[in-house]
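A short write-up of the structure that comes next.
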Amino acid sequence: LVHCDDVAVHRALARYFHHCIGETAPIVTTCHIARTQEGALSLVYDDEPPMAVPGLGVAYVFTRLARDIATRLVMHDKGHMVFHAAGVAHHRKGVILCGPPGCGKSTLSAWLSASGFDFLSDEVIAVTLNGSDHGSSQIVAEAQGPREMHGLTCPIVLKRGSAFVWRHWLGEDAAQEMIYVLNDTVWVDSESLRPHSVRAVARPWLLVFPRYSAHGVFRAQRLSPAEVAFRLMHQLVNFESLPEQGFAAITCFARYIPAYSVTYTDVTEVEAWLKKRALA
Amino acid sequence: MNTIRNAHRPCRAPGYQTEILDGEIILFNPESRAIFHSNSSGALIWELCDGHRTVADIIRMLSDSYPEAEAQVPGDVREALAAFARHGAIQWR
């Protein structure tokens with residue numbers, strides 16, 4: 001729950017965090033954002049000592065808020081595997097884009113959502129656990145049951161090298177309205193890239209580990225389940241909340257989700273591959 | 001251990017959870033969060049690391065089972081054991 005007494009900040013919050021607002025979401029803490037007499041912003045959580053950082057700017061507050069929302073919501077989640085991943089969907093077929101920082105998750109999710117995919121998140125994807133995930137992972141049949149993937153929809157964070165995405169879809173004039181954080185990193189509202197692109201839930205259909213290569217050729221290589229489990233374990237955020245630290249859940253999921261390592265030089269290659277091959 | 005000798009007896013280290021996925025093996029230690037995976041040969045070798053069989057025993061068993069790959073079995077076994085040891089997944093007796 002976020003309280004804010006500054007009109008300008010409140011307006012910006014409503015624009016960039018509107019998809020995080022849900023009446024059924026549990027309130028894990030209350031955050032107060034206020035304008036001090038000196039004109040700076042203060043950020044105070046009910047369950048934490050007040051932050052003693054003077055002169056907070058909007059960019060800092062929003063960056064901190066986005067990180068805190070994700071951390072507080074997912075760290076104690078026992079009903080999902082929460083991954084550091086982006087997520088999009090095409091005709092309700094969910095694509096999880098998973099990998100370390102810099103692999104292109106945000107860039108790809110922004111481009112894909114602008115070009116017709118539904119957008120779930122560029123940072124946090126939660127996949128529901130099945131019954132067999134909680135205990136023995138031997139019951140393969142149960143692992144193939146229905147699952148859902150949810151995204152924590154926040155502004156898409158695009159670094160300087162990915163500015164071509166919003167320039168292509170929004171034009172140069174859009175730069176005037178954007179929030180810049182550091183080093184030309186901008187926050188882009190996914191709805192501004194394509195209206196009604198945000199989707200809350202999809203069925204996990206495909207797992208992609210992207211890797212950007214400036215001088216490579218497009219390559220999509222199917223991964224073995226063991227390789228998938230190995231990679232997923234490194235991207236699992238809430239392992240401390242899951243039985244066996246998520247090992248059983250991950251191996252169960254890895255058995256049935258098709259997964260590819262995708263090397264690309266251009267985002268349109270990934271778009272075409274997903275639409276014509278992987279999700280066809 | 002720098003050199004793996006035929007007389008050494010590898011033994012699976014306690015605390016590792018394992019899962020066989022399409023013949024490949026993935027090993028995970030919840031305490032250290034160490035995780036790694038190996039191919040189908042590695043999965044077989046892992047199963048044979050009982051602390052009683054020597055490296056030579058393991059090589060012989062796999063060579064007997066896969067005579068067409070006899071020439072490469074010793075190298076594969078030592079490579080897999082070295083990987084297991086590097087991750088602390090086996091102990092030597």
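Note that these values count all heavy atoms, side chains included, but never hydrogens, waters or copies made by symmetry. In the text below, chain A, chain B and the rest are named by the order of the sequence lines, each starting its count at 1.
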To the nearest 0.5 Å, how far apart are CD in A:Gln245 and CG in B:Asn29?
9.0 Å
When rounded to the nearest 0.5 angstrom, what distance separates CG in A:Leu236 from CZ in B:Arg33?
6.5 Å
Measuring only between side-chain heavy atoms, which start at C-beta, is B:Asp22 closer than 4.5 Å to A:Ser224?
no
In this structure, are over 12 heavy atoms from other groups packed under 6.0 Å from B:Glu79 atom CD?
no
In Å, rounded to the nearest 0.5 Å, how long is the span from CZ of A:Phe247 to OG1 of B:Thr18?
6.5 Å
Close side-chain approach of A:Arg255 and B:Glu19, heavy atoms under 4.5 Å
yes
How close do B:Leu21 and A:Ala229 get, counting heavy atoms only, and between which atoms?
CD1-CB, 4.0 Å
Within a reach of under 6.0 Å around CZ of A:Arg277, are more than 12 heavy atoms found that belong to other residues, nucleotides or ligands?
no
So how far is it from B:Ile26 CD1 to A:Glu227 CD, rounded to the nearest 0.5 Å?
9.0 Å
From A:Leu232 atom CG to B:Ile35 atom CD1, the distance as rounded to the nearest 0.5 Å
9.5 Å
